[in-house]
Amino acid sequence: MSGFFPHFPFFVPHSPGIPHWWDLFWWAFQLIVMTAILLSLRKVAVSIDQERGDVPVKGPQSSSRPPTVSG
């Protein structure tokens with residue numbers, strides 16, 4: 001029954017024979033990929049909001065006056 005179940009053609013992390021640098025590389029790769037995905041989704045969401053007119057183009061503070069602080 002050794003040929004019945006499919007298997008990946010590469011080694012899985014934490015298996016014998018994987019170099020010690022693999023874990024660090026894998027976490028760095030995941031961090032870079034997930035950051036890129038989140039930033040691209042944020043850019044798409046902000047552009048959709050601007051097209052609909054929900055968010056001012058200048059940002060959250062669209063007034064030209066600085067905020068006043070009462071003391």
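Criterion: ILVMFWY side-chain heavy atoms under 4.5 Å apart, direct or through other members. Under it, Val44 and Ile37 are not part of a common hydrophobic cluster.
Aromatic ring orientation, Trp26 versus Trp22: parallel (interplanar angle below 30°, classes split at 30° and 60°).
Annotation for Leu31: hydrophobic cluster partners, listed by chain and number, are none (ILVMFWY side-chain heavy atoms under 4.5 Å, direct or chained).
Summarising the geometry, atom CG belonging to Leu39 is positioned 13.0 Å from atom CE belonging to Met34; distances are rounded to the nearest 0.5 Å.
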